[in-house]
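Working notes for the structure below.
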Amino acid sequence: MIFFPGPFTKHGLTLVQACISQGTDYIDSTGEASFVIEAAGRFHEKAVEAGVKIVNSCGLDSIPFDMATYLVANKFAKKGLKTKSVTICLEELKFVASGGTINSAIEVIDNTKKLSDLLLPYAFIEESEAAKLPQPGSPVYFRYDSNFKGWQTQYVLRSWWLLSRAYGADFKYTEGAASRGPISALSFLLALGLASPLLLVRPVRSLIKWMFPSGTGPSEEAMVQGRLKIKALGEAEDGSKCVATVEIKEDPAYLATSKMLGESALSLLSRRLGTASPSQVSPFPLLDGGVLTASSALGMDLVERLRRAGFLFTVDEN
């Protein structure tokens with residue numbers, strides 16, 4: 001089952017439950033943290049028992065960040081090393097949001113009692129389990145770093161937890177966005193600071209939903225001009241380093257996300273049929289059921305499929 005018409009909090013939970021009861025694997029393109037939290041809390045153990053893979057956020061919101069981190073940890077693990085930390089830097093992002101995406105974001109705000117809970121690094125992990133974990137890296141939103149001129153903290157940390165903390169017992173993850181200089185960084189900070197409080201005002205949200213109704217989206221010309229580039233700076237526990245790069249040279253939100261969903265579905269199907277390529281063996285065993293993430297369910301098989309679809313995934317030890 002491939003599910004992509006949000007808002008997911010409104011439409012997705014019943015479908016997840018139905019898929020588990022029918023023994024059907026499921027993927028979606030959600031970017032709604034509240035939906036993932038509820039799906040994991042209500043259905044993870046049931047999906048494990050049923051041997052059903054519920055894989056959330058197989059699109060722009062998570063796969064580039066999750067798989068870049070996975071590539072770093074995979075590189076170190078093949079050398080017998082544990083990963084100490086990964087710092088994600090969003091270097092380029094260009095896309096036009098659709099009405100559906102905007103409405104999904106507003107749905108999260110409308111239906112979340114305490115928005116600050118969505119920003120907790122371990123938000124996608126049960127509270128009882130999160131309390132046992134080490135202090136995570138800070139989700140750095142604004143920072144100047146002369147050496148590394150980073151979004152999906154909760155998703156990546158859920159991958160690490162689902163894989164039995166195999167990246168490294170004390171693994172830390174941080175993320176930020178690159179800027180051309182202090183003026184552009186300050187401009188972005190001011191714009192975000194002004195826009196964020198306005199979204200908390202219900203009439204403003206209603207106006208935005210009216211201006212950008214579901215079903216509207218970017219033109220074909222705008223999609224061709226889309227771009228995404230991120231880098232993941234990894235450090236092993238022995239101090240060695242590597243950098244993973246993920247680059248998409250087309251609209252990441254629609255053209256690329258449709259490919260991510262399709263290739264994720266094919267990867268799930270190949271696992272179900274036992275036809276996944278044996279050459280894509282990873283030090284991290286993939287999981288056979290639960291509310292999962294792309295890396296914990298699909299691993300290197302998905303990376304290779306996306307490479308063949310035109311995505312750039314590289315790991316540089318220099």
Side-chain angles (χ1 to χ4, degrees), residues 36 40 44-45 47-49 51-58 62-88 120-137 139 152-175 230 232-244 246 264 267-268 270-271 276-306 313-315 317:
V36 178
H44 178 68
E45 293 302 327
V48 170
E49 293 172 5
V52 172
K53 292 175 276 293
I54 305 296
V55 191
N56 298 127
S57 201
C58 291
S62 299
I63 279 186
F65 309 90
D66 189 41
M67 300 316 296
T69 303
Y70 183 85
L71 282 174
V72 168
N74 189 66
K75 184 73 172 181
F76 287 145
K78 286 185 174 180
K79 298 169 67 175
L81 301 172
K82 294 292 186 180
T83 304
K84 178 182 178 181
S85 66
V86 168
T87 299
I88 291 282
L120 297 174
Y122 290 143
F124 289 1
I125 302 172
E126 292 183 20
E127 287 187 25
S128 59
E129 293 294 325
K132 305 173 187 176
L133 300 176
Q135 183 65 29
Q152 285 291 338
T153 300
Q154 298 95 332
Y155 194 92
V156 172
L157 290 177
R158 181 167 177 80
S159 293
W160 164 70
W161 176 74
L162 285 168
L163 292 169
S164 302
R165 299 164 62 181
Y167 294 174
D170 297 316
F171 170 74
K172 289 181 169 55
Y173 174 90
T174 56
E175 56 190 17
I230 67 170
L233 174 62
E235 182 177 358
E237 291 182 345
D238 71 344
S240 57
K241 297 180 180 180
C242 71
V243 176
V246 178
S264 295
S267 184
L268 271 181
S270 69
R271 286 202 61 203
S277 172
S279 66
Q280 307 310 329
V281 176
S282 167
F284 311 122
L286 299 178
L287 303 181
D288 293 322
V291 177
L292 307 176
T293 59
S295 61
S296 62
L298 308 173
M300 287 301 297
D301 183 68
L302 178 59
V303 172
E304 291 304 325
R305 288 176 180 276
L306 291 175
F313 288 90
T314 61
V315 184
E317 293 191 56

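D238 pairs by the salt bridge (Lys or Arg N to Asp or Glu O under 4.0 Å) definition with nothing, not counting sequence neighbours. The side chain to side chain contact (heavy atoms under 4.5 Å, CB included) search around A73 returns T83, Y167, F284, not counting sequence neighbours. Not a single ring-ring contact (aromatic ring centres under 6.0 Å, His included) links F313 to another residue, sequence neighbours left out. Every side-chain hydrogen bond (donor to acceptor under 3.5 Å, both in side chains) that S159 has, sequence neighbours left out, goes to D66, T293, S295. Qualifying salt bridge (Lys or Arg N to Asp or Glu O under 4.0 Å) partners for K84, counting only residues two or more places apart in sequence or in other chains: none.
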In sequence, state the C-alpha distance, the side-chain angles, and the governing distance for S85 and T174, and then conclude on side chain to side chain contact (heavy atoms under 4.5 Å, CB included).
CA-CA 8 Å; S85 66; T174 56; over 6 Å; no
Side chain to side chain contact (heavy atoms under 4.5 Å, CB included) assessment of D288 paired with R271
CA-CA 9 Å; D288 293 322; R271 286 202 61 203; 2.7 Å; yes
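With contacts defined as side-chain heavy-atom distances shorter than 4.5 Å, the pair V86/F171 qualifies. Proximity of I230 to M67: side-chain heavy atoms (C-beta onward) are nowhere separated by under 4.5 Å. Taking the side chain as every heavy atom from C-beta outward, M300 and L71 approach each other to under 4.5 Å. Two residues are said to be in side-chain contact when any heavy atoms from C-beta on lie closer than 4.5 Å; D170 and K82 fail this criterion. Side chains of D301 and L286 form no contact here, defined as non-hydrogen atoms less than 4.5 Å apart. At a threshold of 4.5 Å between non-hydrogen side-chain atoms, the residues V156 and I88 do not count as touching.
Taking CD of E317 as the reference point, atom NZ of K79 lies at 4.0 Å (rounded to 0.5 Å). In this structure, the separation between CG on L306 and CG on L298 is 9.5 Å, given to the nearest 0.5 Å.
Of all non-hydrogen atoms in G234 and V72, the two that sit nearest each other are CA-CG1, 3.6 Å. Minimum interatomic distance between V291 and A47 (heavy atoms only, all atoms of both residues): N-CB, 4.3 Å. Taking every heavy atom of both residues into account, F76 and C242 meet most closely at CZ-SG, 3.7 Å. The heavy-atom pair separating V48 from G289 by the smallest distance is CG2-O, 3.5 Å. What you find for S267 and R305 is that their closest heavy atoms are CA-NE, 3.6 Å. The two residues L162 and S296 come nearest to each other via the heavy atoms CD1-OG, 3.5 Å.
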Please report, to 0.1 Å, the donor-acceptor pairs under 3.5 Å made by any side chain of residues 51-58, with sequence neighbours excluded.
unit_1	atom_1	unit_2	atom_2	d
N56	ND2	D28	OD2	2.9
S57	OG	T30	O	2.8
S57	OG	S62	OG	2.7

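Of the candidates Y155, W160, W161, L157 forms a side chain to side chain contact (heavy atoms under 4.5 Å, CB included) with just one, namely W160.
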